[in-house]
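Everything on this sheet refers to the single structure shown next.
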Amino acid sequence: MVATKTVLSLHRPLVLSTLLTTKRNSTILLLSTSTAKPTQQLAPNSAAAEAELAHYIKHLDSCIRSKSYAQAKNIHQQILASNANTATHIPDPLLLEKLVVLYSQCNETEHARELFDKIPQPNVFLWNAMIRSYSWNGPFDRAVALFRRMVSRGVAPNKFTFPFVLKACSALLSLEDGVEIHDRARRAGLESDVFVATALIDMYMKCGRLDEPRRVFSTMERRDVVAWNAMIAGFSLHGLYEEVTRFLLAMQRDGIDPNASTVVAVLPVVGQHKALRQGKSIHCFCIRRHIHRDDVLVCTALLDMYAKCELLGYAQRTFDSMRFRNEVTWSAMIGGYVLCDEIAKGLELFEQMVVDGASNMGSTSLACALRACARSGNSGRGRWIHCYSVKFGFLTDTTVGNSLLSMYSRVGSIDDALQFFSEMRTRDTVSYSAVISGCVQNGNATEAFSVFRKMQFTGVEPDVATMVGILPACSHLAALQHGKCSHGSVIVRGFASDVSVCNSLIDMYAKCGRIELAREVFDRMADPDTVSWNTIIAGYGIHGLGTDAVSLFRTMEDSGSSVPDGITFVSLISACSHSGLVAEGKHWFGAMTRKYNVVPRVEHYICMVDLLGRGGLLEEARGLIRNMPLEPDVRVWGALLGACRVHKNIEMGEEASRIIQSAGPEGTGSFVLLSNMYNAAGRFDEAARVRVVQREQGFRKSPGCSWVEIGGVVHAFVGGDGSHPESSSIYEKLENLSVEIRRLGYRADTSFVLHDVDEEEKERALLYHSEKLAIAFGILSLGRDVPILVTKNLRVCGDCHAAIKFITLAEKRAITVRDASRFHHFKDGECNCGDFW
DNA sequence: CTAGGGTTAG
């Protein structure tokens, strides 16, 4: 491009002579006179040059018309290189026009713009070409800016200008610009022009307004397929299945035949609604009209529709029958398998693509395949795709990069995710969000905060998903101050009415011990969805407020707007379980199937076993497992084992643990329980053996850890922790407390100690449990009137539970402990869980 | 026509 510039200016003097003789466009004169220098080379052959140029232009024009862009560019190069006749280097106005059109059509927008800017007074045609180029390739705001400049220069936009600039508005989702341009079109009397009106419909639809398209559509002087398609595509975009079918029928009644684009516009919403019958009839329509045979778009849309309807056989058959496939075809098919949980087949297809469809490989296909890896936990394949992306240059693509981040976090390799994240060249909001939620999912909420801070520092704007990602980090840490801060941020950014954000806020407040604030957020919601109800019900559950959870469920029923799902009943039954409402829980378990058509899944049996087990009905729990229609997995037996441990039923516990052990490595989470069980039974060798097996199989027991937020800073402790700067005073406080509570009647229950050590040692180990450290620090740091909330990642140990009750007496203050199961509100020597947790 | 990050339970 620099070269072009040089050439043009070098030969500028010639322009004058040529133009003076041809007088094609006097404006060029103005351009050139200011910089005109004495010529070193006159143009004796200007007539010949002119002829040659004319020849080139004609050739160029015909190439552009026949869309032979490569050839056209070639001609441009010839003109540039043609030293034989220097006159051909001139910025001839007609040549410039052709070149602007050429490069704008080739989507080399910048190049086109450079040439465009050399034309002092472009005509409408050129403005349109330039605006069109921006509206296709972006930057879209430039199309709008150019439109404005065009208008201010007094050039009247025509019926081609409006569609182009409106397309840019839809890309920008800028309703404001769109409305302004609509106004101009109206004043220009072009509002009901078929092209303009269609573009208006499209723009309004994309910007989320459905009333205006209907109005514009009704005022149109005539409606062609494209206009109908715009309406249908718009409704399809908003998932309005009924409207789509209504317009589809109306269109045919109006004598307009649906075409391939119609079909392509309709099928996504058909798939979305799993309207298989409709989908099949569209398929038939395609066959009748011969519009699907080699149309990649139609076939891909059909394939996708079948996949969304979970008819993978039909999808695959459509896929196989296609003579031509593109990236979308492959991606849709792979994505279909992933959607239907046929992960292995999805990966298989990806492998086939690597062999047979490599030319179609693109970032979307890679993203689909990476999603499959993430879902299957197949980190090997994921890494392979990482390598593939490096090899074939896909790594710079943010979609691929973000998929990799997600894949690594989903398979548990958060370190790899962080490593890759640090190496990424461009990190957008999605990248940050992926890493933040990745950290939280992998249990590292602190890291999530640090990434979040870095994000704000870098100036990448958080969006709704980012906030939904960071709020669980607050929930996890029970970091109320961080949570409130995030809530503030949510309000400032205008996300406060987003349903998912509210759901996360409800969860955050509930888990930070402020159930009343959770309720407030819930009550303010315009229309809570099922997740909202589930979250608030579970919130009451973990606070031991089972009765409130049940009454809330009844309200949900009455409201009728959200239908209870499987998770609702998990939340409800476990709420009953945490409050000892055994009969109530049983009732809802029965009603679940009878009244709500929710098929019990393993999760529900886990809750039931937990409910019965905690209530001491161990036999009944075991009976339930034996009679359950599903295969009980290790988690079910784990729930029984947990109950056996609480109720110290060694025999049944052993039975449960045998079954869990026979399941092999699957029983990861149960290792801890099992080991604790043996420890509680005094069988330290067996307990140790379990831990060895566990280690051999590569499972690390997450260490018991407790934390407390003081002034917005989370202080974490592990058992026997000496790393805290205040350690010496914490231990001193604990020693004093130990004396005090003993005086009040506390006796250590050493059966909770995990190691085979002598009694005195055991007592010391108990004294330094992480929850006690955090509590001691809380007492030291917080004023008497400030409530103490300590969070523990595992269940609070039984000895600590007993000790904390005495501590509330000794210190005359309330203490709240949130463990893996629920909140324990300790006060005046009692706990609201009633020793039932 | 496809595709990247997100909420609820145990």
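Residue numbering restarts at 1 for every chain, and letters A, B, ... go by the order of the sequence lines.
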For a quick check of understanding: with a heavy-atom distance under 4.0 Å over all strands, which category does [X] fall into, base, sugar-phosphate or nothing?
X: A:S500; value: base
X: A:V501; value: nothing
X: A:D498; value: base
X: A:I567; value: base
X: A:A434; value: sugar-phosphate
X: A:D565; value: nothing
X: A:S365; value: nothing
X: A:T398; value: base
X: A:T535; value: sugar-phosphate
X: A:T466; value: base
X: A:D397; value: nothing

Within the pair [X] and [N], is there a side-chain N or O less than 4.0 Å away from OP1 or OP2?
X: A:R371; N: B:dG4; value: yes
X: A:S437; N: B:dG6; value: yes
X: A:Q441; N: B:dG6; value: yes
X: A:S574; N: B:dA9; value: no

Check the side chains of [Y] and [X] for a donor-acceptor pair under 3.5 angstrom, ignoring hydrogens and angles.
X: A:Y605; Y: A:R635; result: no
X: A:T530; Y: A:D565; result: no
X: A:N402; Y: A:S431; result: yes
X: A:T429; Y: A:D463; result: no
X: A:Y337; Y: A:Q316; result: yes
X: A:Q352; Y: A:E348; result: no

Which nucleotide sits closest to the side chain of [X]: [options]?
X: A:P268; options: B:dT8, B:dG4, B:dC1; answer: B:dC1
X: A:V430; options: B:dT2, B:dC1, B:dG4; answer: B:dG4
X: A:V570; options: B:dA9, B:dG6, B:dG4; answer: B:dA9
X: A:A367; options: B:dG6, B:dA3, B:dG10; answer: B:dA3
X: A:D463; options: B:dA9, B:dT7, B:dG5; answer: B:dG5
X: A:D507; options: B:dG6, B:dA9, B:dG5; answer: B:dA9
X: A:S403; options: B:dG10, B:dG4, B:dT2; answer: B:dG4
X: A:R601; options: B:dG10, B:dA3, B:dA9; answer: B:dA9
X: A:K511; options: B:dA9, B:dG6, B:dT2; answer: B:dA9
X: A:L297; options: B:dG10, B:dG4, B:dC1; answer: B:dC1

Rounding to an integer number of Å, can you tell me how far [X] [atom1] sits from [N] [atom2]?
X: A:Y337; N: B:dA3; atom1: OH; atom2: C1'; value: 18 Å
X: A:H604; N: B:dG10; atom1: NE2; atom2: P; value: 11 Å
X: A:D633; N: B:dG10; atom1: CG; atom2: C1'; value: 11 Å
X: A:I282; N: B:dC1; atom1: CD1; atom2: C1'; value: 13 Å
X: A:L303; N: B:dA3; atom1: CG; atom2: P; value: 12 Å
X: A:M525; N: B:dT7; atom1: CE; atom2: C1'; value: 10 Å
X: A:Y605; N: B:dG10; atom1: OH; atom2: C1'; value: 16 Å
X: A:I436; N: B:dG5; atom1: CD1; atom2: C1'; value: 10 Å

Cationic tip of A:R317 within the cone over A:Y314's six-membered ring, i.e. under 6.0 Å and within 45° of the normal? yes
Contacting residues from residues 259-267 of chain A, given that a heavy atom lies under 4.0 angstrom of DNA chain B: A:V264
Centroid-to-centroid, A:F319 to A:W330, below 6.0 Å? yes
Flag the pair A:V298 / A:V264 as yes when at least one side-chain heavy-atom distance between them is below 4.5 Å, and no otherwise. yes
Over 60° means perpendicular and under 30° means parallel, so classify the ring planes of A:Y388 and A:F350, tilted if in between. perpendicular
